[in-house]
Visitor: 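Structure below; questions to follow.
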There are 2 protein chains.
Amino acid sequence: MPFRLDARQEDFDAAFAAFLGTKREISEEVDDTVRTIISDVVARGDAAVIDYTRRFDRLDLTPQSLRVSDAEIDKARSACDAQTLEALELAHQRIVRFHETQRPADQRMTDDLGVTMGWRWTPIEAVGLYVPGGTASYPSSVLMNAAPARVAGVERIVMVSPTPDGVINPLVLVAAQIAGVDEIYRIGGAQAVAALAYGTQTIAPVAKIVGPGNAYVAAAKRRVFGQVGIDMIAGPSEVLIMADETANPDWVAIDLLAQAEHDTAAQSILVTDDTALADAVCNAVERHLATMKRAEIARASWNDYGAVILVPDLAGALALVNRIAPEHLEIETRDPEALVPGVRNAGSIFLGAHTPEAIGDYVGGPNHVLPTARSARFSSGLGVLDFMKRSSILHCTPGALRALGPAAIALGESEGLEGHARSVAVRLNL
Amino acid sequence: MPFRLDARQEDFDAAFAAFLGTKREISEEVDDTVRTIISDVVARGDAAVIDYTRRFDRLDLTPQSLRVSDAEIDKARSACDAQTLEALELAHQRIVRFHETQRPADQRMTDDLGVTMGWRWTPIEAVGLYVPGGTASYPSSVLMNAAPARVAGVERIVMVSPTPDGVINPLVLVAAQIAGVDEIYRIGGAQAVAALAYGTQTIAPVAKIVGPGNAYVAAAKRRVFGQVGIDMIAGPSEVLIMADETANPDWVAIDLLAQAEHDTAAQSILVTDDTALADAVCNAVERHLATMKRAEIARASWNDYGAVILVPDLAGALALVNRIAPEHLEIETRDPEALVPGVRNAGSIFLGAHTPEAIGDYVGGPNHVLPTARSARFSSGLGVLDFMKRSSILHCTPGALRALGPAAIALGESEGLEGHARSVAVRLNL
């Protein structure tokens, strides 16, 4: 049974705090293994990557066969059915168009003293994209990671993906081709992260690594942070649905389960001011589970981590929603826009009864790589800015330096940095 | 003696690669200690923080005296001389004005299908600012970290700073007051990072931690990443100066040394196409060193990590500069702007002979918290965006869902996520 909390009950605050503290992931202690793998790849390059791939993926590679060939990609494309290809193309087109509106502007301004200030944005030169293997190998995620990098102007996009026993998802290759990935290597795990960060004889290093992965990949990303940039460490996915008596319980139920079917550690939460809706949704969940293909996973997630939270009014419940900081927030109420200004912490907001999260997962346009595990409190979904960096610019005229110099000298001296002060003073003949 | 490289020599490529690979920091293995400290603070809260402060800072605190009182801050202010106070106020004003231009815009757009897409930016609710103690306790860094947070709209800014033997830099307290820091605690090290990330009985947790620190602080930030957001892991500072025959060797020399005086691991690099300038700068460096207060530190940095790189032409040398990816880039040439479009990787660019880096360190306006250790390849200086996050927004009309639904269903099915497909299909009566 999912958690059931009622904000009108006396013990609600304690129960809600306990619910917020629920751990959905067992953090495996893999750090020592990962450290060894990384050092080995740094020391031995290709040879180490090939050894680990033989051991973990039961696959024999050579430096020549690390990379997926163009012929293999073309073959994968011809194996895909036309309807799926068309859907991928449509998704890509919409994702690109949306992300094009995120391109940041450069800035220059000159103040009264003659100080010119501003910044320039430039793309990261090379980016690595990790794509998990097996059942979590999603072509839509390839689009969502690679498209914003391309829009940002990244010149070299490198994908890595493990292919246990040599098996690869053809749609992942096709998505990479559509999104303009430049190189694909059939490697995974900490060894692939190390190869991207430090380079090998065959794989040139990148400057940033993005994309989700298992505990080993996450630990490796954490370790190479600094040598390269990384995106968020992704956790299990979650949805929170705010609904009132106008919501369709059947639709709300399947949206909760679409989240739950991802992973037994996924989390689906309903927040409502209508007890009758809550009961109807719970019944509809059971009806859907009876016929869902991934019912076993979805049921485990719903029973272990699902929650129904009854509140006196939805506007007042925004404080709770902001504490949960859901990755996905659906608002299915009479007037969804009315609640938006009060949302502080949410990765993505889906408004109204006709915007199931699945539309945003695939073809809406905004990115589906979003902050999980309450990290929407401090971070954003993936976007074009994640593939660019900003250089600030400063230019002083001699007059501007005369005006600002004395203050800089005073501060340099107050910090005991006499050389700083002198670098200004010599220019002012002080 | 500093490195001397000449791009016209045959062995230059190998020598440059070796120079790029020079490690300037001994990475201490402090991770086990830090892990223990963090668990202890999580388990025992205030009591653990107080124990570690007694052990590391030789200071006896109680839960009541953890926080610096308003009276202490006022007393610190009255101990500061008027000129320094005025300089701090000017710096703060200019930093705020510059960062106000970085506030991002929200976005909403509706396409032909009736899909409304966009995003909202919101401030992070609470931010922690780490300020080192002792000689690296810089009031200017307090302004540079706190001002953009305040401009972003952060409601609660918490500063921590160790006060070994109870000694605190009054200017740091005053800078915090000027910048609008809400709470100051006299604690440091991994225990302060843990207190900010997880909270104690006295200190409410924050959602993001920024600011530089020693190896323990860096390791602690790396460990709490995920629980909270963090900024970059700061390394030793560096400057690269591109100069031609029009540059004043005396000015170039003191700019190199203003960097070197920070830390024996700091790095100062001159790139020039003029051998005579190179020689004149080296001579001027020695002249300045003879009278500099921090000559010992600056000389060690210059001799161990300093470099003079001779190149046939400066425009062609931009490829080298981009590989170095300097934190600070000064361009002192006849036409500095001409080189700017070719700069790809640099934290901050200082143009012309009258813009010594020290102006940007204090009163220019742009932030002085910048990416070190080649991380300008993938990251930016601190700014308003680091204290905000973006929630994406999606809204479909029934017609938009009809138009996009079939593609979402196809992709959901192709990924084996039948619940995703069904969440769209039920709304279309499919």
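Chain letters run A, B, ... following the sequence lines, proteins first, then strands; residues in each count from 1.
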Visitor: Would A/Leu404 and B/Arg94 satisfy side-chain contact (heavy atoms from CB on, under 4.5 Å), going step by step from the backbone distance to the final call?
Guide: CA-CA 10 Å; A/Leu404 290 180; B/Arg94 291 189 59 87; 3.7 Å; yes

Visitor: Go through the atoms of A/Val127 and report whether side chain, backbone, both or neither lie under 4.5 Å from a heavy atom of chain B.
Guide: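 For A/Val127, neither part sits under 4.5 Å from chain B.
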
Visitor: Using non-hydrogen atoms only, which part of A/Ser379 is less than 4.5 Å away from chain B: side chain, backbone, both, or neither?
Guide: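 Contact with chain B: backbone only.
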
Visitor: Tell me whether A/Arg108 is salt-bridged to B/Glu337, with the criterion being a basic N under 4.0 Å from an acidic carboxylate O.
Guide: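 Salt bridge flag = yes for B/Glu337 with A/Arg108.
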
Visitor: What part of A/Leu428 gets closer than 4.5 Å to chain B, counting heavy atoms only: side chain, backbone, both or neither?
Guide: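 No part of it gets close to chain B.
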
Visitor: Which answer fits A/Ile297, side chain, backbone, both or neither, if we ask what part of it has an atom under 4.5 Å from a heavy atom of chain B?
Guide: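 Contact with chain B is absent: no heavy atom of A/Ile297 under 4.5 Å.
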
Visitor: Hey, are the side chains of A/Glu357 and B/Leu394 touching, using non-hydrogen atoms and a 4.5 Å cut-off?
Guide: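 Not touching, per the 4.5 Å side-chain cut-off.
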
Visitor: Give, for atom CH2 of A/Trp251 and atom CZ of B/Arg427, the distance between the pair rounded to the nearest 0.5 Å.
Guide: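 Output value for this atom pair is 6.0 Å.
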
Visitor: Measure the NZ-CG distance between A/Lys293 and B/Leu417 for me, rounded to the nearest 0.5 Å.
Guide: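 It comes to 11.0 Å.
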
Visitor: Should A/Ile230 and B/Phe225 count as side-chain neighbours, where that means a heavy-atom distance under 4.5 Å?
Guide: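 The answer is yes, as the side chains (C-beta and beyond) meet within the 4.5 Å cut-off.
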
Visitor: Testing A/Ser141, A/Ser140, A/Ser137 for side chain to side chain donor-acceptor pair (under 3.5 Å) with B/Glu415, which one passes?
Guide: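 Running side chain to side chain donor-acceptor pair (under 3.5 Å) over A/Ser141, A/Ser140, A/Ser137 with B/Glu415 returns exactly one hit, A/Ser140.
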
Visitor: A/Arg344 and B/Ser391: side-chain hydrogen bond (donor to acceptor under 3.5 Å, both in side chains), yes or no, with the steps?
Guide: CA-CA 8 Å; A/Arg344 288 287 297 263; B/Ser391 301; over 6 Å; no

Visitor: Where on A/Asp111 is there a heavy atom nearer than 4.5 Å to chain B: the side chain, the backbone, both, or neither?
Guide: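 When you check distances to chain B, only side chain atoms of A/Asp111 fall under 4.5 Å.
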
Visitor: What part of A/Ala91 gets within 4.5 angstrom of chain B, counting heavy atoms only: side chain, backbone, both, or neither?
Guide: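 Side chain only.
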
Visitor: Using non-hydrogen atoms and a 4.5 Å limit, figure out which bit of A/Glu125 sits close to chain B: side chain, backbone, both or neither.
Guide: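 For A/Glu125, backbone and side chain are both near chain B.
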
Visitor: Before you tell me yes or no, could you show the steps for B/Thr397 and A/His354 under side-chain contact (heavy atoms from CB on, under 4.5 Å), namely the whole-Å CA-CA distance, both residues' side-chain angles and the distance that decides it to 0.1 Å?
Guide: CA-CA 6 Å; B/Thr397 58; A/His354 293 86; over 6 Å; no

